[in-house]
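Every chain is numbered from 1 and lettered A, B, ... according to where its sequence line falls, protein lines coming before strand lines. Remember, it's a predicted structure, so these values are computed and weren't measured experimentally.
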2 protein chains.
Amino acid sequence: MNPSSRSVGVKDVAARAGVSLGTVSNVLNRPDRVSEPTRVKVETAMRELGFVRNESARQLRAGHSRVVAYVVLDAANPFFTDVAQGVELSAGLADLWLFICNSSNNADRERAYLDLLQQQRVQGILITPVDPDAEHLRDVVGRGTPLVVVDRTQQGLDLCSVAVDDVLGGRLAVEHLIDRGHTQVAFIGGPLSIGQVRDRWQGAQEAWSDAGLPAESLHLISTAALTVVEGRGAGERLAGLPKRRRPTAAFCANDLLALGLLQQTIGSGRLVPEDLAIVGYDDIEFASAAAVPLTSVRQPRQELGRTATELVIDEATNPKHVHTQVTFTPELVARTSTLG
Amino acid sequence: MNPSSRSVGVKDVAARAGVSLGTVSNVLNRPDRVSEPTRVKVETAMRELGFVRNESARQLRAGHSRVVAYVVLDAANPFFTDVAQGVELSAGLADLWLFICNSSNNADRERAYLDLLQQQRVQGILITPVDPDAEHLRDVVGRGTPLVVVDRTQQGLDLCSVAVDDVLGGRLAVEHLIDRGHTQVAFIGGPLSIGQVRDRWQGAQEAWSDAGLPAESLHLISTAALTVVEGRGAGERLAGLPKRRRPTAAFCANDLLALGLLQQTIGSGRLVPEDLAIVGYDDIEFASAAAVPLTSVRQPRQELGRTATELVIDEATNPKHVHTQVTFTPELVARTSTLG
DNA sequence: ATCGCCAGTTGAAACCTTTCAAAGATGCAA
DNA sequence: TTGCATCTTTGAAAGGTTTCAACTGGCGAT
């Protein structure tokens with residue numbers, strides 16, 4: 001094909017095809033303006049030389065990029081990949097391609113990715129940030145790269161964001177448990193420094209006190225992370241409580257915790273939901289596929305991604321763009337783990 | 001910061017700092033060659049103007065990029081995100097950043113991403129391709145972008161690849177079941193057009209005939225995809241078999257299938273492993289966290305990513321690079337789902 | 001004084017593409 | 001035959017950075 005030569009450029013293609021440089025560019029960008037025979041000649045030359053358009057040069061001149069990036073907190077969490085799927089979908093409609101970057105919940109990595117993406121002049125950045133109030137998020141927008149915060153509510157109005165009402169989600173979960181007759185409930189989640197956990201806990205408390213139940217019968221079991229392993233640990237702690245104070249139901253701040261709790265509970269010979277009812281959060285695919293299908297609070301994940309993309313595109317292309325905060329409503333999906 | 005101005009370049013920074021353009025570039029690329037006071041002046045100017053280096057221009061001139069890309073088959077499959085973690089790790093050591101692209105098992109999308117990445121002149125491409133024999137993979141290398149195939153063995157020697165010995169993996173799984181005394185076993189997986197599935201099935205057959213067992217007591221239950229849902233369906237089909245021909249153990253081509261099968265089996269009141277022993281493949285995190293912890297064939301996922309990255313970097317930087325095919329050895333992790 | 005050396009600094013050239021005004025070709029009507 | 005309109009092609013300029021050979025000024029050695 002093109003074994004040793006350093007690099008094939010439009011110039012080479014033009015020479016080979018016996019046309020001018022501008023014509024090659026026209027074939028690339030406005031093929032309709034080029035006569036059929038010329039176009040064929042040029043395309044043949046490209047194929048023969050193994051020409052690959054240099055995107056850096058293109059972008060430098062044309063000024064705009066064809067990619068959006070989504071910086072996720074944890075690529076291994078199915079929740080984020082589902083959101084990403086929504087992003088891909090609507091990015092595709094606008095002829096944009098998606099790059100996924102993984103900050104691994106690390107502020108330094110997040111920052112480095114943001115720098116790189118700004119330097120690449122991507123069309124826009126979607127991000128689920130480690131800390132939604134961090135200064136550098138605002139800097140990005142200030143320097144001209146559109147940015148939308150995903151899955152975190154924004155305090156200020158100076159940034160676009162899409163999120164789900166986590167307080168309401170917490171409410172739904174606990175109201176459901178109250179409806180099922182539970183009067184001793186555990187909230188399992190943490191650390192509380194995570195915004196989502198805080199909000200879901202708050203919603204749980206609100207539902208509890210609205211029902212006139214005593215605050216001390218809603219137990220906070222705090223975990224170090226939102227993982228399966230931590231869920232199992234929480235199960236052990238629950239089992240260790242004296243019987244009369246032991247909750248008959250648990251609301252977990254996400255599905256990974258709930259799955260761990262479920263496993264520990266079944267594994268130690270107790271029954272779900274007879275001995276312990278469980279509600280998760282996120283409704284990831286593994287929730288319905290669990291040994292006991294999990295009741296969970298569903299977030300419109302794809303929609304989240306879709307909307308975030310639309311916002312970022314608007315910010316990139318619409319000069320009259322105004323920063324918008326969109327909040328979606330979660331929905332309780334009741335399954336065996338609370339219904340018996 | 002930098003509200004209306006079109007775009008801040010090195011030139012603006014130079015003017016503001018009262019130095020030449022070349023000095024600004026030196027601050028950016030060889031800070032040691034610049035005197036302390038000058039450096040500070042320039043850095044201050046950058047901050048004040050909100051300067052963001054234009055990566056397109058940088059790359060155009062410098063000729064090389066700072067990113068590698070990993071094109072995965074399915075971003076929602078934990079297996080791939082685990083591999084990606086390995087990639088991130090060793091890419092970081094070489095000062096490279098990772099972009100993850102999702103082909104969604106779609107050949108057209110895969111192609112489009114490959115084109116885009118070549119045009120971007122990324123340092124290298126890792127890919128788990130839809131079809132490892134596709135012509136366009138070789139084209140990429142022919143045109144000068146290093147590329148490594150991940151998790152598929154390569155026939156030809158004209159491409160780098162890292163993979164795990166899937167025939168051996170299939171062997172290990174079935175030998176384990178034979179050791180546990182099973183004489184009626186089902187292989188669940190499909191479609192067989194997927195290389196991995198074919199290899200695992202082959203390994204299973206080899207182990208079976210090596211043990212002198214009759215071919216007809218190793219049942220092939222073929223699925224349309226490697227998903228939880230298909231696993232549940234397979235469970236129903238198993239249950240429908242007449243009792244005397246019904247397998248007492250199942251080897252699933254991946255963990256998602258195994259989890260679905262596990263769920264269906266437990267859900268219909270049968271016991272694992274007493275009524276049905278189950279072996280999965282991949283050993284994703286959810287395998288050990290399942291209601292009945294799953295025996296599974298573990299692949300060195302992180303190592304896969306790590307090695308692939310090293311190969312792609314070698315191909316990018318070492319002029320004497322020779323294409324290498326690395327094969328790892330899988331390992332059986334026995335858990336409750338076969339041990340009781 | 002002069003020389004040579006060195007650290008620090010300079011600015012033009014190069015990287016490869018796209019854009020656009022202008023030139024060239026073609027066809028048709030007058 | 002000329003003029004005009006339409007369609008195609010041309011080539012120079014521009015875009016922001018890095019590189020590199022050349023330059024500057026200061027300093028110690030001669």
Candidate nucleotides D:dG11, C:dT18, C:dT10, ranked by approach to the side chain of B:N26 - the nearest: C:dT10
Interatomic distance where [atom1] belongs to [X] and [atom2] belongs to [N] [whole Å]:
X	N	atom1	atom2	result
A:M46	C:dT17	CE	P	9 Å
B:R61	C:dT17	CZ	C1'	15 Å
A:R33	D:dT8	CZ	C1'	11 Å
B:Q59	C:dC16	CD	C1'	12 Å
B:F51	D:dG16	CZ	P	11 Å
A:N29	C:dT19	CG	C1'	10 Å

Has [X] got a side-chain N or O lying under 4.0 Å from the OP1 or OP2 atom of [N]?
X	N	value
B:S35	C:dA7	no
A:R53	C:dT18	yes
B:T38	C:dG8	no
B:N54	D:dT17	no
A:T23	D:dT9	no
B:R30	D:dT19	yes

Look only at the side chain of B:R39 and the backbone of B:V27, and say whether a donor-acceptor pair between them is shorter than 3.5 Å. no
Within the distance-only criterion (no hydrogens, no angle test), does the side chain of B:R58 pair as donor or acceptor with the backbone N or O of B:H64 below 3.5 angstrom? yes
Salt-bridge criterion met for B:R306 and B:E310 (N-O under 4.0 Å):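 Salt bridge present between B:R306 and B:E310.
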Please figure out whether B:G18 or B:A57 has its closest DNA chain C nucleotide nearer the 5' end.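 First, find each residue's nearest nucleotide; the 5'-ward one identifies B:G18.
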Tell me what A:G9 touches on the nucleic acid: a base, only sugar-phosphate, or nothing, going by heavy atoms under 4.0 Å.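 Sugar-phosphate only.
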Mapping A:R58 and B:V24 to their closest nucleotides on DNA chain D, which lands nearer the 5' end? A:R58
